[in-house]
Amino acid sequence: MKSNRLLEIFRSSQAAVAGWMSLDSAYAAELVGCSGFDAVVVDCQHGMAGHAQMVAMLQALSHTPAVPLVRVSQNNLAEINRALDAGAWGVICPLVNTAVEALAFGRACRYPLDGVEGDRSFGPARGLLVGGADYPQHANANVLALAMIETRAGLDAVEAIAAVPQIDGLFIGPSDLGIALGLGPGASHEHPMLADAIRRIQAACRTVDKVAGIWCGSAEMARAMQAQGLQLVAPGHDAIWLKAEIARRLAVLRAPAAAS
Ligand code: 3PY
Ligand code: MG
């Protein structure tokens with residue numbers, strides 16, 4: 001099976017940067033996948049993509065160097081299986097609150113093969129095409145399962161969630177987590193309560209030697225999180241980048257002409 005480059009990056013103690021797709025466009029996914037990111041996440045929770053668009057985006061990503069990941073809309077066996085069967089090399093699951101939920105998520109990502117406890121149903125349609133004929137034998141070890149910590153309950157149970165064997169790591173949702181901590185929408189990652197929560201999640205991962213990642217509103221935040229040791233950062237998403245660049249260009253065009 002073609003190896004998961006993201007796992008290789010993590011195993012060699014390097015950090016990875018992920019692009020994040022909220023637009024439901026295969027061309028946009030292809031473009032972002034060819035832009036230098038280590039991975040690209042198709043966001044089926046808050047992004048616009050439905051199943052058919054997700055499949056088209058994963059197809060487009062297949063010929064880019066970026067590892068294709070999917071954030072599913074919820075912790076659901078069928079949805080997780082469909083994303084993996086469509087060729088996702090990893091799944092990010094939102095709103096994981098307990099070790100029981102984390103176990104259900106992790107099991108959904110694993111085939112019940114070679115002593116692994118899993119619930120993934122067999123039918124790796126695109127997995128075979130992009131991974132190779134031996135995909136079924138190696139998928140359990142190569143597919144990434146990242147549980148999102150972004151609720152008060154999830155934070156309270158973070159050590160138990162991180163310890164679930166079928167989970168490869170945790171992915172922090174700072175926006176939801178900030179709201180859960182009573183800081184309202186758009187809380188700064190530098191706010192002491194959010195900063196402490198992020199450190200606790202990181203420590204939980206470190207204890208069990210798993211990956212810690214985080215979604216970031218800006219490149220500056222992503223840089224700070226990298227410096228703090230998070231192994232996977234996503235510096236915003238395509239809609240944010242598009243809007244920022246449009247605003248910058250319009251500001252240039254509409255700036256008052258300098259007096260001569
Ligand atoms: C959050 O910050 O809550 C996220 O889910 C990022 O997408
Ligand atoms: Mg969230």
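Along the sequence shown, residues carry numbers from 1. Read the numbers this way: they start at 1 and go in the same order the structure lists the ligands and their atoms.
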Report the C-alpha distance between W20 and I92 in whole Å, list the side-chain angles of each, state the deciding distance to 0.1 Å, and finish with yes or no for side-chain contact (heavy atoms from CB on, under 4.5 Å). CA-CA 12 Å; W20 197 278; I92 298 177; 4.1 Å; yes

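For ligand 1, the atoms lying closer than 4.0 Å to a non-hydrogen atom of S175 are 1 (C), 2 (O), 3 (O). Atoms of ligand 1 lying under 4.0 Å from any heavy atom of G173, numbered from 1 in the order shown and given with element: 1 (C), 2 (O), 3 (O), 4 (C). Of all atoms in ligand 1, listed by their number and element, those nearer than 4.0 Å to a heavy atom of D176 are 1 (C), 2 (O), 3 (O).
Checking only distances, Q45 never comes within under 3.5 Å of ligand 1, N or O to N or O. Considering backbone and side-chain N/O of E150, one or more are found under 3.5 Å from N/O of ligand 1. Residue-to-ligand polar distances keep W20 apart from ligand 1: every N/O pair is separated by 3.5 Å or more.
I149 and L181 fall within the same hydrophobic cluster, where Ile, Leu, Val, Met, Phe, Trp and Tyr residues are linked whenever their side-chain heavy atoms come under 4.5 Å apart, directly or through other members. I201 and M193 fall within the same hydrophobic cluster, where Ile, Leu, Val, Met, Phe, Trp and Tyr residues are linked whenever their side-chain heavy atoms come under 4.5 Å apart, directly or through other members.
Residue contact check for ligand 1: H46 places no non-hydrogen atom closer than 4.0 Å to it.
Among protein heavy atoms, atom 5 (O) of ligand 1 sits closest to R71 NH1, 2.8 Å.
Taking the six-membered ring for Trp and thresholds of 30 and 60 degrees, W241 and F37 have nearly parallel ring planes, at less than 30 degrees apart. A perpendicular orientation is assigned to the rings of Y111 and Y135, their planes being inclined by more than 60° (bins at 30° and 60°).
Shown here is R107, whose CZ atom has more than 12 heavy atoms of other residues, nucleotides or ligands within 6.0 Å. For Q74, the CD atom counts as densely surrounded, since its 6.0 Å shell holds more than 12 non-hydrogen atoms of other residues, nucleotides or ligands.
The existence of a salt bridge linking R82 and D85 is excluded, since no basic side-chain nitrogen approaches an acidic carboxylate oxygen closer than 4.0 Å.
Using a 4.0 Å cut-off between heavy atoms, M148 contacts ligand 1 through its side chain alone, with no backbone atom that close.
When distances from the Mg ion (ligand 2) to the N, O or S atoms of D176 are compared, OD2 comes out shortest. The nearest N/O/S atom of E150 to the Mg ion (ligand 2) is OE1.
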